[in-house]
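Note that ligands are numbered from 1 as they come in the structure, with each ligand's atoms numbered from 1 the same way.
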Amino acid sequence: MSVWAVIAAAGSGERLGLDRPKAFANLRDRPLLAESLERLEGSDWIDSIVVAAPPGWEEPVILLAEELGCGKVAEAVTGGTTRAASVTAAVAVVPQDATVALVHDAARPVLPEEVIERVLTALNEGWDGAIPVLPLSDTVKRVESDRVVETVAREGLAVAQTPQAFVAPVLRAALSDDEATDCSALVEARGGRIKAVPGDPRLLKVTEPADLEAVERVLGDPAPSDA
Ligand code: CTP
Ligand code: MG
């Protein structure tokens, strides 16, 4: 079994509002991407890594990987205008004989090894894909303009995280330049069987500036440097 990790890192990070793409936002004096890159490199489950980079940032991605000693990084491809297009570009360079594709958002830097293990174990059970989910804790409303039109029953609802793992040919067949905000939606739309496994609250998604501080809190104090 060969497992290829695909990091979706090509977004511009408009809501973060920085002068550079979100993947290069500063997290504890390193680019945000460094955190997930290092964790995938260090995972016993992952054989190779492809990064979908923001246009013009392919070289800095490769330099970062070299600096971190991430020898599993095979390539940095140019991402597309949607997340699905970026994943499609990255999956295109995954070898045909790869067994599994594990797609992860650079926007979720704190990637625990246990979650990688959970989604991959589900594939061994025969599922087409597996995704980490968390239960909803807030009451959910449907809102039109500013009017609340419905209280949505929370039962059976969950929020999806990444990494999302798929049998590689299944993901390949489902990918299209779609507006889908995760890969699972594309596989589900084609009738794929996706297992929901427990997610992890540490897998916070960096969207707004305050999220960076929240992630830094989750990471805790940096380890003392050798200097
Ligand atoms: N992504 C991508 N290619 C795109 C858009 C998004 O690879 N064209 C990736 C982002 O880099 C991120 C993940 O998909 O890791 C989730 O997207 P999101 O949080 O929306 O990031 P951005 O699109 O960069 O942010 P924004 O929507 O605020 O511009
Ligand atoms: Mg976006």
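At least one heavy atom of T81 sits less than 4.0 Å from an atom of ligand 1. Ligand 1 lies less than 4.0 angstrom from a heavy atom belonging to A106. Heavy atoms of G80 approach ligand 1 to within less than 4.0 angstrom.
For E179, the CD atom is loosely surrounded, since the number of other residues' heavy atoms within 6.0 Å does not exceed 12.
A donor-acceptor pair under 3.5 Å is formed between the side chain of Q164 and the backbone N or O of Q161. A donor-acceptor pair under 3.5 Å links the side-chain atoms of T162 to the main chain of D105, judged by distance alone. Of the possible donor and acceptor atoms, none in the side chain of S145 sits under 3.5 Å from a partner among the backbone N and O of R147. In this structure, R108 contributes its side chain and L203 its backbone to a donor-acceptor pair below 3.5 Å.
On a distance-only criterion, A8 and ligand 1 share at least one N/O pair closer than 3.5 Å.
Close contacts between ligand 1 and S12 involve ligand atoms 24 (O), 29 (O) [criterion: under 4.0 Å to a heavy atom]. Annotation for ligand 1: atoms under 4.0 Å from non-hydrogen atoms of K205 are 16 (C), 18 (P), 19 (O).
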Salt bridge (charged side-chain N to carboxylate O under 4.0 Å, His left out) between E35 and R39: does it pass, once the steps are laid out?
CA-CA 6 Å; E35 195 66 39; R39 287 164 185 258; 3.0 Å; yes
Go through the steps for T121 and E117 under the test side chain to side chain donor-acceptor pair (under 3.5 Å), then give the verdict.
CA-CA 6 Å; T121 302; E117 178 171 355; 4.9 Å; no
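To the nearest 0.5 Å, the span separating CG on L171 from OG1 on T88 amounts to 8.0 Å. Atom CZ in R15 sits 6.0 Å away from atom NZ in K22 (nearest 0.5 Å).
Protein heavy atom closest to atom 7 (O) of ligand 1, with residue, atom name and distance, is A10 N, 3.0 Å. Protein heavy atom at the shortest distance from atom 23 (O) of ligand 1 is G11 CA, 3.9 Å. Counting protein heavy atoms only, atom 18 (P) of ligand 1 is closest to K22 NZ, 3.5 Å. Looking at atom 22 (P) of ligand 1, its nearest protein heavy atom turns out to be G13 N, 3.7 Å. At the shortest separation from atom 27 (O) of ligand 1 among protein heavy atoms lies R15 NH2, 2.9 Å. With hydrogens left out, the protein atom closest to atom 29 (O) of ligand 1 is E14 N, 2.7 Å, a heavy atom.
Under 4.0 angstrom from ligand 1, the non-hydrogen atoms of S86 all belong to its side chain. In T82, the part holding a heavy atom less than 4.0 Å from any atom of ligand 1 is the backbone. In T181, neither the side chain nor the backbone holds a heavy atom less than 4.0 Å from any atom of ligand 1. For R83, heavy-atom contacts with ligand 1 shorter than 4.0 Å involve the backbone as well as the side chain.
Test V6, L120, L111, V103 against P163 for side chain to side chain contact (heavy atoms under 4.5 Å, CB included) and you get one pass: L111.
The shortest non-hydrogen separation linking V61 to A53 is CG2-CB, 3.7 Å.
Across V51, T162, L32, D105, heavy-atom proximity to atom 13 (C) of ligand 1 is greatest for D105.
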